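What you see is a predicted model; the values in this text were computed from it and never measured. For the numbers below, each heavy atom of this structure counts, side chains included, while hydrogens, waters and symmetry mates do not. Both ligands and their constituent atoms are indexed starting at 1 by order of listing.
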Amino acid sequence: MKPLQPSSPHSVYDRDRDRDREREGALSKEMEDKQMKGHVLVLPYPSQGHINPLLQFAKRLASKGVKATLTTTHYTLNSISAAHIGVEPISDGFDEGGFSQAGNVDFYLKSFRDHGSRTLAELIQKFSNSATPVNCVVYDSFLPWALDVAKQHGIYGAAFFTNSATVCSIFAHIHHGLLTLPLTPETTPLLLPGLPPLYFPDLPSFLRFPDSYPAYLAMKLSQYSNLNQADWVFSNTFEELEGKEARGVSEIWPAKLIGPMVPSAYLDERIKGDRGYGSSLWKPLSEECIEWLETKPSNSVVYVSFGSMVSLSEEQIAELAWGLKESNMYFLWVVRDSEQQNLPKWFLDSVQEKGKVVTWCNQLEMLAHRTVGCFVTHCGWNSTLEGLSLGVPMIGVPKWTDQLTDAKFVEEIWEIGVRAKEDEVGVVRKDELLRCLKEVMEGDKSKEIKRNANKWRDSAMKTITEGGSSDKCIDEFVQHLMASYQNLNGL
Ligand code: UDP
């Protein structure tokens, strides 16, 4: 805030003129606000893999003239810093510590629904008397209660799905009783419209083992509970990538494909300075990573990350450590603080020449670096889209939930990488990692994979560039918001 000016010998005329100018300023701000094409609250589930794509969508909307306010929990509020985006808190009932304060998924989700509904309603009311009333809530599909709140206030509600269209299609079939649980090796392959045959190992883990995480399974199914009341359904994928899959299920999941929600600098460069998502729940050590990468030859480094949620067993970490060491390749490995104690004692000293281990980084900057030749990934949907959008060949080491399905598509459908096979106790052994590293980094198959990766990168760029399929869908949404906002504001 500017310090107050000391009183100065202004004439009455000066003061009147200043007052007029102030009034004009306030008026033109009001006009500007009124001319905004709408005001959207964008509400992610408060984890890294959900905040990132929804915040990116907020930035896209803002770049097209819509006022966008990211609405997130008190606990995650400080992790957000994105230009041209407002930020407002709501409560999940655990304002000091978020999910870890709750300690239990079921308890957390119920608390978020109760406190979130109330505080979201208060926020909509707060804006209703301002120059920029809210006319739409874009909510993470994990939080369907937000649609009920939007409808109670007579405004639009748009669901945003953060999984692939394929995964959404499978869950939609289950919700509508078109498929019954549990899925077993005997009841597979699944043959669903628009989808390739899906075998047992390709299916989301919650469906293979419904008792493993009942609260998460219930949440995934609840995404469809009131979806028929949503004014829009958005999916973070794109026509060329999964149009066929989305069309196969469009009657029960009528999604508009608006992805990939990856910062603009890596795709169309239409949003100035948009090089990162603008949210980090951990401190990124990107500068030291880039310095280290700079000293390495092109396409020589293996970047390894399992995202923000996966917790690897000590045995699995040891196998990966052995595999990376024996490959003799350069590697940059993200091992979150909470996982570091599982690294073998011998590892860090013995790989100093070849490897670097960090607790967190800006993943996109790493993937975009000329020295990174391959991405060993858990195949979270954001990581998959990031690897694909940046044309980086992948080795999928999926562990749970939708990652298994994403890994199948990486290997078999888009052919931009390979999937590491687990043994009977669910561990990817060092020899398997070595086989995959050789396949993706060296030899004939690596060339074909790189060609496909470049092809998909081009496609991802085109879809979000002006006139591309995703860009058109976002424009249609903005047009609609604009028309209704003018009515709301009496213009
Ligand atoms: N990420 C990051 N730095 C890291 C590891 C991951 O910025 O060191 C980001 C990554 O770019 C992605 C998100 O965290 O956008 C993880 O989302 P994803 O869907 O891949 O996996 P999740 O964490 O939800 O399992």
Open item on the list: Side chain or backbone, does Ser305 bring an N or O within less than 3.5 Å of an N or O on ligand 1?
Closed with: no
Task: Those atoms of ligand 1 less than 4.0 Å from some heavy atom in Trp381 - done: 19 (O)
TODO: Return yes if a side-chain donor-acceptor contact under 3.5 Å exists between Ser279 and Gln48, otherwise no.
DONE: yes
Open item on the list: Does this structure show an ion pair linking Glu240 with Lys455, if we count only N-O contacts that are shorter than 4.0 Å?
Closed with: no
- [ ] Please round to the nearest 0.5 Å and tell me the distance separating atom OG of Ser280 and atom CG of Asn362.
- [x] 7.5 Å
Open item on the list: At less than 4.0 angstrom from any non-hydrogen atom of His378, what atoms of ligand 1 do you find?
Closed with: 20 (O), 21 (O), 22 (P), 25 (O)
Open item on the list: Show the atoms of ligand 1 that are less than 4.0 angstrom away from any heavy atom in Gly307.
Closed with: 23 (O)
Task: Which residue and heavy atom of the protein sit nearest atom 13 (C) of ligand 1, plus the separation - done: Asn52 ND2, 3.7 Å
Task: Atom pair CH2 (Trp456) and OG1 (Thr463), whose distance is rounded to the nearest 0.5 Å - done: 10.0 Å
- [ ] Give yes or no for whether the N/O distance cutoff of 3.5 Å, strictly under, is met between Ser383 and ligand 1.
- [x] yes
- [ ] Taking only heavy atoms of Gln48 into account, list the atoms of ligand 1 that are under 4.0 Å away from them.
- [x] 14 (O)
Task: atom 23 (O) of ligand 1 - nearest protein heavy atom and its distance - done: Ser308 OG, 2.5 Å
Task: Pair Lys462 + Asp458, salt bridge at N-O below 4.0 Å - done: no
TODO: Would you mind running through ligand 1 and noting each atom that sits below 4.0 Å from a heavy atom of Gly49?
DONE: 17 (O), 24 (O)
Task: Side chains of Ser459 and Phe238 in contact at under 4.5 Å (non-hydrogen atoms) - done: yes
Open item on the list: Out of Met261, Glu386, His50, who is nearest to atom 12 (C) of ligand 1 when you count heavy atoms only?
Closed with: Glu386
Open item on the list: How far is atom 19 (O) of ligand 1 from the closest protein heavy atom, and which atom is that?
Closed with: Asn382 ND2, 2.8 Å
- [ ] May I have the step-by-step check of salt bridge (Lys or Arg N to Asp or Glu O under 4.0 Å) for Glu411 and Lys421, ending in yes or no?
- [x] CA-CA 12 Å; Glu411 181 177 65; Lys421 308 284 172 292; 3.6 Å; yes
- [ ] Can you label the angle between the Phe306 ring and the His378 ring as parallel, tilted or perpendicular, going by 30° and 60°?
- [x] tilted
Task: Ionic contact status for Glu439 with Lys445, cut-off 4.0 Å - done: yes
Open item on the list: For atom 3 (N) of ligand 1, what is the closest protein heavy atom, and at what distance to 0.1 Å?
Closed with: Cys361 O, 2.6 Å
Task: Interfacing atoms of ligand 1 (cut-off 4.0 Å, heavy-atom, Tyr277) - done: 15 (O)
